[in-house]
Amino acid sequence: MSLERPLTRNVRPDRSPTDLAAYEANGGYQGLRAAVGRLSPADCLQVLKDSNLRGRGGAGFPTGMKWSFVPMGENPVDASGRPAHKYLICNADEMEPGTFKDRLLLECDPHQLIEGMICAAYTIQADIAYIFIRAEYHKAAALLREAIAACEEKGYLGRNILGSDYSLTMHVHSSAGRYICGEETALISSLEGKRANPRAKPPFPQVSGLWGRPTIVNNVETLCNVHHIIERGAEWFQSLGLTADAGTKLYGVSGRVKNPGCWELPMGTPVREIIEDYAGGMEDGYRLRGFLPGGGSTDFLVEEHLDLAMDYDTIGKAGSRMGTGTMIILDDRTCPVGFVKNLTEFFARESCGFCTPCRDGLPWSAQVLDDIENGRGIPEDLDTLQRQVEFIGAIGNTHCALAPGAMEPIQSALRYFRADFERHIDGAGCPYCDGGQH
Amino acid sequence: MPSIRIDGVTYEVEAGRNLLETCLSLGLDLPYFCWHPAMGSIGACRQCAVVQYLDEESEQAERGRIVMGCMTPVTDGAIFSLSGDKARHFREAIVESLMLNHPHDCPVCAEGGECHLQDMTVMVGHRDRHYRGRKNTHRNQYLGPLIHHEMNRCITCYRCTRYYRDYAGGTDLAALASHDHVYFGRHAEGVLQSEFAGNLVEVCPTGVFTDKTLVEDYTRKWDLQSAPSVCTGCAVGCNTLPGERYGRLKRVHNRFNADVNGYFLCDRGRFGAGFVNSDKRLLYPGLRLADGRYDALHHHGALQHMQQMCRTGKVAGIGSPRASVEANFLLQTLVGANNFAPGFSEQEQPLVDLALALQQDSRAVIPDIRSIESADAVLILGEDVTNTAPRIALALRQSVRNKAYEMAAHLGLETWQDAAIRNLAQDQRSPLYIAAVADTRLADVATRNLSLAPGGVAALGAAVAALISGEEPEDLPPHLREQAGQIAAALSAARRPLLISGTGTGSAAAMQSAAAVTEALCAAGSQAMLCLVVPEANSLGQAMLTGPDAPGLATLRERAESGELDTLVVLENDLYRRGSADSIDRLLQAFSNVIVLDGMDNATTSSASLVLAAASFAETDGTLVSLEGRAQRHYPVFLPPQERHPSWVWLLACMKELERPEVRSLHHFDDITRSCGARIPALAGITAASPDYHYRNVGVKIPRQPPRYSGRTAMRADRSVHERMQPSDEESPLAFTMEGLNRSVPGALLPWVWAPGWNSNQSLHKFQSEVGGPLQGGTAGVRLLQPGNPVSAAGLSVDTVTAPAEPGHWLLVPRQHIFGSDELSALSPAIAELAEPGYIALRSADAAALGVSPGDGVVAGNALATLAVRVDDSLAEGCAAYPAGLAGTENLHPLDRVELRRAENWQRPPEVIGSDGGARLRGARPRGARPRGARPGGGDV
Amino acid sequence: MSGQMETTLIPVLSPEEIAEIDAEISHVPYRSAVAIDALKIVQAHRGWVSDESLRAIARHLEMSAEELEGVATFYNLIFRRPVGDNVILLCNSISCWIKGCENLQAKITEQLGINLGETTPDNQFTLLPVTCLGACDKAPVMMVGDALHENVDAETLTKLFREGGE
Ligand SMILES: Cc1cc2nc3c(=O)[nH]c(=O)nc-3n(C[C@H](O)[C@H](O)[C@H](O)COP(=O)(O)O)c2cc1C
Ligand code: SF4
Ligand code: FES
């Protein structure tokens, strides 16, 4: 069976970028033509809703439903008498540890994202779109700027797109380095030129987002799907997935596997297939002990979960989250304590510093893990960690989802690798350091 | 009314509020940090966590989720638990986390004993520390003479920057760095620029921002004796709680009054009472000897001299707009109304009388602070309120947010959702138009700033009034016509339009035109508000006491020169601030005896024949009438030492010696108040300002000392091991001891706030009827001007003063300075450090025409003043500004036209090159301050 | 008085810097909204953002130095201290850690004599840690200037440092 790979069909083996001509030659901007030419925004929204596209940024929230909260209709000025801009923002801040999927889409096929974005913006009738891209993606930012210019020339962007009465301007904003900018409300704060502190919801960005106006934030991969769905329909999209969650998904594997990488596969492809068939299995001399299914803020799963389908519901039921779909493999020669310590230090450092459990609780957790890893641990430390998990780990305990995400690896490591923690404490040091690599 | 259940008990609660304030209003102790009743919620500290249950079933099963009280609206049927384990453990964990990096330096911390962090720590029951890591530390910054900075104590609640930036409009304090390195400070060390910085002391729940003047002369809250007082810094009449120990005034805290000052004071008010401790204070009366020196007297001796001098029957009195109604009333009684001048300057007297008359005759609402905050369109004509009535400027900063609240209402956001509303509204503000001689400190939130000479301001106002009445204004330049049109439209469209003007620029016409605008609005059926600012704490009371026909200083002089008068009694008034030195010299020389009652050595006391040492506001009772006509009583915080007495005591005693019949039945302070109310119709209501001295709270007095007062200490044991007996207070229901009851007392009598478990000023909510609402015992003070007086003023006419056309001449316009223009606060060391030297400000083109650049000297008129030049291009054409009340400007009069020329032989003051982003400079860093380089936090470079 | 005053001369932004910043300003509702872009633009020209640069930007954006400082110190890649000609951003997040970024860091320290956060005496290199670079399948990775280096090993380092950056 040959797989359909709409998202990566323009990705070349050498990863060189696809320019406008090549993109068009391969059927590009047909979705856009379909949208502005034949479909009303309401039609587009309906297709999106029917397609069951779920956000690829990590939370898996249904995209059509998210868009449906945007106020629609004739409204040239808003309540304050300001021109009623609406915004679409592409979240290209990819910084989740172990996640490397959006880079592929951005660097190899910038027009795909732009086409998806124009269709999305058309659907919600946004007149301004931003691509919020992390600072280090210089190459992608340059490609996107080039591609936007090319589109403006071609009439895909700008005033009266393709002769319709729909207009859209698009800007690339390159960030200045901060993981929290990926959180959609923090991203909005950052786009406003402020400190990237997340915002309380409600009000949701759909009604009060960038500069107080209706705003939609979507992940790169999510947006790359949009024009395909509009062009080819909800049923087609549904049919791509193996399980209830529709479409294809970019899955990735990193760690000690033979062939780390990122592949577009049908949604719901079993974990084992991804790791063994695509990633080539474990490197010689290494055994799999566990894996984070979708980036650094998801719970560990272990061997017994290898045959699960990689989709939102299945992984959720197993006690983790599919997150970004990019797995990080823990092997048997890597210290699980060191592993979660690395992640926790990351999250502690990347905390925005707004709310107490995250700002002060994460450094404390990192400190405890450091003590354990370096032989200064005491048995009570495990209770402390457990308390921290309960204190910080639930959505709602903190102001945004960073800190609860940060606690997921710790909480599951305490469950699956407790013996390792105890060995560290009993032996006053890391058993993996001798002979092991750390 | 929604009904909610908390820990199994059902409560009917007020809709539209959040759960935290609801709990506090219900008397349930729910800890918090980042929420503030005046600033709303942001959900940062996560301290106010409770458990919310979806339904009864999950309540039974105790399966709820943590929510933040401050971020949770009370909705009908909601079920919560405060006391369940899950919520309690979470709240304890929050405090434990906040304590990780806290230095535990309570014994040396100025906040100790009244620290919200201490209170919350005890409240959540956190005791044992589990964290074994190192603590983060920070370097502190020099922030000026008012505020002490100690960043290590920070718990990152963001209250300081939310207050300073969002609420007060300051720009030079920010949250820097991130994660657990967040630092609240300045870009570089330096004086905090906001006039409202002092509130940080009370807003910060720990000891990061503390009162530097207190830190330098420290006493714990529990050792402070305090009494309800009223700020004498300006005419707003903010309620204060000054605290004293062993005869020294240690600090001033805000005293909540929902109608006057809410939760906040300005820095003049908070730090301007330091003069009370000055070593220039007079301790004894003195009689001038032949050789010109003073001979100290016992009070009996002084009284003998005084009554002898007064026996001539040709006695005149000059009262004081900064002294109490009672003292002024007694002096007026002593000398007779015909011989009593209110003590204003010649220019000021008709202005204050006018301010009173316009308000008495207006059918507009005379607004209190809450009404000002509720204004949805504002026009300021001439007055620089940040410098003349600062608390009103802070209220105006809130008024411009009404647009945001309107927008929020469309989305169903409650007013307490602070961050959400700011994000929604961004830079959208309700209209605020300012026409003034130069840009004021409210310029940043104004819809438009118009620089106009006082005459132009009045003309604009008159035009706006005309337009509102549907008439076409005459003689207005086209650009002003357009502005006037916009302003008239904005005011007409508003539901609660507010006009502000005042005496600050010395222009009667500006005030008249403001009244004309409100009149036009009222005629059009609008609920317009009129706020007229007068200069001093009792200016309006003085105008009420004396009326428009009272003699002025010049009249008294003429009558003395003609031999009609020979003795002059001056009450708490440095006349040399009321006129040129020449004119005051002539006035005083016209009398053979000059008796001066005042607290502090000044030019007038130096020219007196007899000086009587008078108590300060902190040492005496008094009633003051604020700019909105609110009579408010202040009480002595402590009694004056030695032979210093309240002016009313001196005057009453003298009149008793003289056996004057009017005072025969006056024994107590309250008797004077009553007599005054009975005799002066405009002041008829003042007895209602506070309960009289018979009042008892459940049979006992109200203690000035808190229950934890430590009483005897070793503080003065080097001199004596005996502790002085506490005096008794015959004049009020307050006691100078810790005995009595400070619960459910009338608002006017509340001497401190403190409640079980709540040692800090956050205990205030225990004294309010509901969180943020008026005090349980009623709002202090009484309005003498009845709001919305239905009697209409017939066709107000506006006479305008226009800028001069004469070349080489400028119109002198006074600029008021919060730090320096007011007499007494300027004598407080911390304020004195911030006061600027005198200057003359010119537009750069004018300076160039005179051949001067900033720092050069100019001579005004015929050597009236020689001052350094400043350039201000926002000044109105044809105007030269000078700082009112500052040294070197004594001979300059508002709205005089003077010639200016370059001063030869002028020594330039040392130059200051640049400053942060062009910000104003307030005082240099003193010698020995910490070296710069506190690069706070820093990025993770 | 002036002897103790901070002398804070505010240098002007260059015409190029102003042009680039103003281009950003043209599509936002208020000037301070481009704070981050402006900091990046000036940093691109000057290598880092000094106190003086920061004040100059703040003035151009009509915001206070404090507001801008709050923004500047929030973001990891705004340098408020001088950096070398080439900034090495060494990924130390999880996948690179698994693949031995700690060893790599030790090797860099060995070869260049600098620890994290330090700059070589010849001002050639500054070594900084960076969050996951989104190239986990090529771990360990690092960036030098704008260039991403994948599957970095000792050999890559030697070659790179010999060539002085690019
Ligand atoms: C701490 C944190 C970091 C996040 N980082 C990213 C990110 O880098 N990229 C992304 O697309 N979404 C990220 N998200 C999720 C976004 O908040 C948001 O849900 C997403 O952009 C929505 O897009 P989607 O609906 O298309 O998934 C992050 C969320 C959190 C809490
Ligand atoms: S959990 Fe709190 S401190 Fe952490 S990133 Fe979110 S808002 Fe900031
Ligand atoms: S008071 Fe509710 S979160 Fe701070």
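So you know, we letter chains A, B, ... as the sequences are listed, proteins then strands, and number each from 1. Values below: every heavy atom of this structure, side chains too, minus hydrogens, waters and symmetry copies.
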Which atoms of [X] approach chain A - backbone, side chain, both or neither, heavy atom under 4.5 Å:
X	value
C:L89	side chain
C:L148	side chain
C:S32	backbone
C:A135	both

Option in C:L77, C:I94, C:V28 with maximal non-hydrogen atom pairs under 4.5 Å from chain A: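 Of C:L77, C:I94, C:V28, C:I94 has the most heavy-atom pairs under 4.5 Å with chain A.
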Winner by heavy-atom pair count (cut-off under 4.5 Å) against chain A, out of C:A139, C:A33, C:A35: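 Greatest number of close heavy-atom pairs with chain A: C:A33.
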Pair A:F347 and A:Y179, ring centroids less than 6.0 Å apart: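 Yes: the rings meet the under 6.0 Å criterion.
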Near-ring test C:F161/C:F125, centroid separation under 6.0 angstrom: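 Yes; C:F161 has its ring centre under 6.0 Å from that of C:F125.
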Measuring heavy-atom distances to chain C, does [X] have an atom under 4.5 Å in its side chain, in its backbone, in both, or in neither?
X	answer
A:L330	neither
A:T169	neither
A:A279	neither
A:E96	backbone
A:L292	neither
A:S190	both
A:E107	neither

Is the Lys NZ or Arg CZ of [X] less than 6.0 Å from the centre of [Y]'s six-membered ring, within 45° of the axis?
X	Y	value
A:R103	A:F100	no
A:R213	A:Y87	no
A:R333	A:Y286	yes

C:Y30 and A:W211 aromatic ring geometry - parallel, tilted or perpendicular at 30°/60° bounds: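 Geometry flag for C:Y30 against A:W211: perpendicular rings.
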Test side chain to side chain donor-acceptor pair (under 3.5 Å) applied to C:H45 and C:E17, C:E16, C:K40, C:E20, the passing residue: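 Only one option passes, and that is C:E20.
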C:K159 and C:E155 ion-paired at < 4.0 Å: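 Result for this pair is no, no salt bridge flagged.
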